[in-house]
There are 2 protein chains.
Amino acid sequence: MASLSIPRLVKTPIETQAATALRASIVAGDIPAGQRITEIEIAGQMGLSRATVRAALHQLAREGLLTLVPYTGWTVMSLSAQDAWELYTLRSAIERLAAQLVAAAINDAGKADRLREAYEQLVSACKRGHAARIAEADFGLHQTIIALAGHRRLTEQYALLEQQIRVYIRSSDALLPNPGMVVAQHKPIVAAILAGDPDKAGALSEQHNLTEGRRLADHLLALERRAADARQETVPSQRSRGATSTRQTRRARA
Amino acid sequence: MASLSIPRLVKTPIETQAATALRASIVAGDIPAGQRITEIEIAGQMGLSRATVRAALHQLAREGLLTLVPYTGWTVMSLSAQDAWELYTLRSAIERLAAQLVAAAINDAGKADRLREAYEQLVSACKRGHAARIAEADFGLHQTIIALAGHRRLTEQYALLEQQIRVYIRSSDALLPNPGMVVAQHKPIVAAILAGDPDKAGALSEQHNLTEGRRLADHLLALERRAADARQETVPSQRSRGATSTRQTRRARA
DNA sequence: TGATTGACGATTGGCGACAATCGGCAATAA
DNA sequence: TTATTGCCGATTGTCGCCAATCGTCAATCA
């Protein structure tokens with residue numbers, strides 16, 4: 001009796017499941033950037049012990065998605081121009097390395113096919129012109145290149161950057177992608193990788209990421225300026241601690 | 001009464017202190033690479049609750065220094081040729097970015113002086129010829145370049161890589177540095193950064209890191225081969241679970 | 001004799017309760 | 001009125017204990 005077609009269950013500790021669910025909520029924007037949350041509140045909503053939730057929150061803090069304000073609460077990452085700069089410069093360095101590694105090993109079994117497949121999905125999404133699909137296919141192509149590098153630490157590091165970038169994009173008035181430009185930007189990178197040219201692949205990848213990253217960061221900076229201008233025209237409001245209201249981020253005294 | 005010269009106390013939760021102490025023990029080799037440890041044992045030694053130690057261990061797992069084998073124990077990171085390759089390729093990408101960023105902003109107040117200072121300390125250590133001092137001054141120069149980039153995520157990522165590299169170096173029969181070569185390798189990098197040439201600084205930095213990283217990885221591979229040869233000549237020993245003995249790494253069934 | 005099952009010791013997983021810390025607000029003093 | 005102090009509610013920090021899981025070994029079966 002070789003196999004009964006019974007699927008293998010993947011057991012995941014509840015701590016890890018809680019971290020996964022919270023991560024998804026943050027990245028999806030259900031818990032907005034800058035939001036204050038507390039262990040008690042989340043534990044209540046999830047039906048778990050506070051200690052379990054606490055472990056999950058610490059996990060997300062390590063990933064940069066949350067910041068702990070000791071004895072006060074936790075805040076979802078908030079984003080500045082400096083954060084944007086850090087994210088896109090680091091992402092560009094990581095993706096350059098991946099493009100080089102994949103180009104150098106593109107003759108390995110199946111790699112070229114997988115890359116072509118991911119690129120075709122991007123082209124397909126751009127033809128349909130649906131913005132969310134384009135964005136996902138764009139991310140998908142990048143992820144494929146990263147995965148094909150066969151470099152666990154690189155993959156893990158990239159995932160951390162990606163989720164922060166997703167929070168970033170979602171919390172801003174994200175720019176709509178131009179489908180024609182998206183394809184045009186990625187085509188030479190894919191071609192260089194498929195041609196097995198690490199230097200060219202790395203350089204093109206880096207250029208693409210720096211250009212797009214700067215553009216998005218500039219856009220956010222403009223948004224921040226507009227928000228700051230608008231804030232100067234409103235009357236400062238009283239702040240008090242409501243019994244059940246959630247809090248915006250606040251400074252720890254440390 | 002402006003100031004009483006009373007130093008500001010920096011309070012650190014005991015969880016964090018435990019993580020810091022354990023990290024230091026692992027990086028220093030007091031807990032060897034590949035070693036199995038348990039929460040009960042560590043909690044007993046540290047005089048803390050197991051839950052507190054557990055939080056610290058999870059922190060270090062996130063940093064890649066420990067691996068959790070569920071319901072069985074924790075193991076200190078062990079190192080393969082793949083790990084070595086991952087570490088040096090990623091380190092090289094990170095340091096290239098830092099060299100570029102510092103070169104582009106080398107005219108900022110104090111940066112050139114700090115870089116020169118770190119380099120002089122390396123030269124000084126090499127003149128004295130004391131291996132541990134050379135290694136520390138070498139790390140110090142790299143750390144200075146990273147810190148001067150003014151990029152928090154980069155600094156944090158580099159710290160994680162660095163500590164893994166330290167475990168790596170300590171667990172192998174580390175190569176002794178040749179003082180003259182160490183200076184010669186770093187001089188052109190520092191010069192390019194001070195000249196404000198990001199492209200040249202990045203390229204030289206990358207080349208240096210890839211060369212040194214490959215050399216160390218090859219060295220470790222040779223060690224692994226020697227160990228594997230030696231292992232084939234010994235009689236496989238019985239394995240049993242002693243009540244108090246610590247365990248070597250074992251495979252999870254997942 | 002080899003394969004299977006069940007029990008048990010050793011471990012981590014998760015819980016709720018007590019302890020420590022922080023910030024806001026009211027009371028008090030100058 | 002402003003500055004200081006003390007109290008309290010709300011939060012995280014830490015603890016010890018029960019629950020769940022895993023691997024090993026002995027007993028049983030074919």
Side-chain angles (χ1 to χ4, degrees), chain A residues 1 8-21 35-61 66-75 237-254, chain B residues 1 8-21 35-61 66-75 237-254:
Chain A
M1 196 164 294
R8 178 176 196 121
L9 292 187
V10 179
K11 289 182 304 185
T12 309
I14 202 67
E15 289 178 354
T16 308
Q17 293 178 43
T20 300
Q35 175 83 47
R36 176 179 177 266
I37 60 176
T38 67
E39 299 174 3
I40 294 165
E41 166 187 24
I42 299 294
Q45 287 188 25
M46 287 183 137
L48 300 175
S49 156
R50 187 170 63 80
T52 308
V53 163
R54 172 176 177 70
L57 292 173
H58 272 287
Q59 168 82 320
L60 298 187
L66 289 170
T67 303
L68 168 61
V69 185
Y71 295 105
T72 304
W74 300 74
T75 63
S237 62
Q238 284 283 9
R239 294 169 57 116
S240 65
R241 179 182 292 188
T244 59
S245 67
T246 53
R247 285 285 145 187
Q248 296 297 321
T249 180
R250 79 176 70 182
R251 281 192 183 274
R253 196 198 304 187
Chain B
M1 197 166 293
R8 182 178 192 119
L9 291 188
V10 179
K11 290 180 304 183
T12 309
I14 203 69
E15 290 178 352
T16 308
Q17 291 177 44
T20 300
Q35 175 84 45
R36 176 179 178 264
I37 60 176
T38 66
E39 299 174 3
I40 295 164
E41 169 187 20
I42 299 294
Q45 287 188 24
M46 287 184 135
L48 300 176
S49 156
R50 187 169 62 78
T52 307
V53 164
R54 174 177 173 69
L57 293 173
H58 273 287
Q59 168 82 321
L60 297 186
L66 288 171
T67 303
L68 169 60
V69 185
Y71 295 104
T72 304
W74 300 73
T75 62
S237 61
Q238 282 284 7
R239 294 170 55 120
S240 65
R241 180 182 293 186
T244 60
S245 69
T246 53
R247 285 284 144 189
Q248 295 299 320
T249 181
R250 78 176 70 184
R251 281 193 182 273
R253 197 198 303 187

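Remember, predicted model here, so these are calculated numbers, not experimental data. Throughout, a chain's letter reflects where its sequence line sits, starting with A, and its residues are numbered from 1.
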(message) Contact between B/Gln35 and B/Trp74 at the side-chain level, heavy atoms closer than 4.5 Å - yes or no?
(response) no
(message) I want to check one thing: is the phosphate of C/dC15, taken as OP1 and OP2, less than 4.0 Å away from some side-chain N or O of A/Thr52?
(response) yes
(request) Tell me which of A/Val53 and B/Leu57 sits closer to the 5' end of DNA chain C, going by the nucleotide each one is nearest to. (result) B/Leu57
(request) Can you sort out the partners of B/Thr67 under side chain to side chain contact (heavy atoms under 4.5 Å, CB included), two or more places apart, ordered by chain and number? (result) B/Thr75
(request) Return the value, rounded to whole Å, for the distance between atom CG of B/Leu66 and atom P of C/dT12. (result) 11 Å
(request) In whole angstrom, give the distance that lies between atom CD of A/Glu41 and atom C1' of D/dT12. (result) 14 Å
(request) Could you state the atom-to-atom distance from CD1 of A/Ile14 to C1' of C/dG16 in whole Å? (result) 17 Å
(request) Measure from CD on A/Glu39 to C1' on D/dT14 and round the result to the nearest Å. (result) 12 Å
Quick one: which protein N/O atoms are closer than 3.5 Å to N/O atoms of nucleotides 17-21 of chain C? Pair and distance per line, please.
from: C/dT21; atom 1: O3'; to: B/Lys11; atom 2: NZ; distance (Å): 3.3

(request) Would you kindly give the CZ-to-C1' distance between B/Arg36 and C/dT11, to the nearest whole Å? (result) 7 Å
(request) Specify the separation, in whole Å, of atom CD1 of B/Ile40 and atom C1' of D/dT21. (result) 13 Å
(request) Applying side-chain hydrogen bond (donor to acceptor under 3.5 Å, both in side chains), name anything that partners A/Thr52, two or more places apart in sequence or on another chain. (result) none
Report all side-chain donor-acceptor pairs from residues 42-50 of chain B shorter than 3.5 Å, counting only partners two or more places apart or in another chain.
from: B/Ser49; atom 1: OG; to: B/Ala51; atom 2: N; distance (Å): 3.1
from: B/Arg50; atom 1: NH1; to: B/Glu39; atom 2: OE1; distance (Å): 2.7

(message) Could you tell me how far apart A/Trp74 (CH2) and D/dA10 (C1') are, to the nearest whole angstrom?
(response) 16 Å
(request) Just jot down the side-chain hydrogen bond (donor to acceptor under 3.5 Å, both in side chains) partners of A/Gln59, sequence neighbours excluded, or say none. (result) none
(message) Run the side chain to side chain contact (heavy atoms under 4.5 Å, CB included) test against A/Ala55 and tell me which residues pass, sequence neighbours left out.
(response) A/Glu15
(request) Rounded off to whole Å, could you give me the CD1-to-P distance for the A/Ile37 and D/dA10 pair? (result) 19 Å
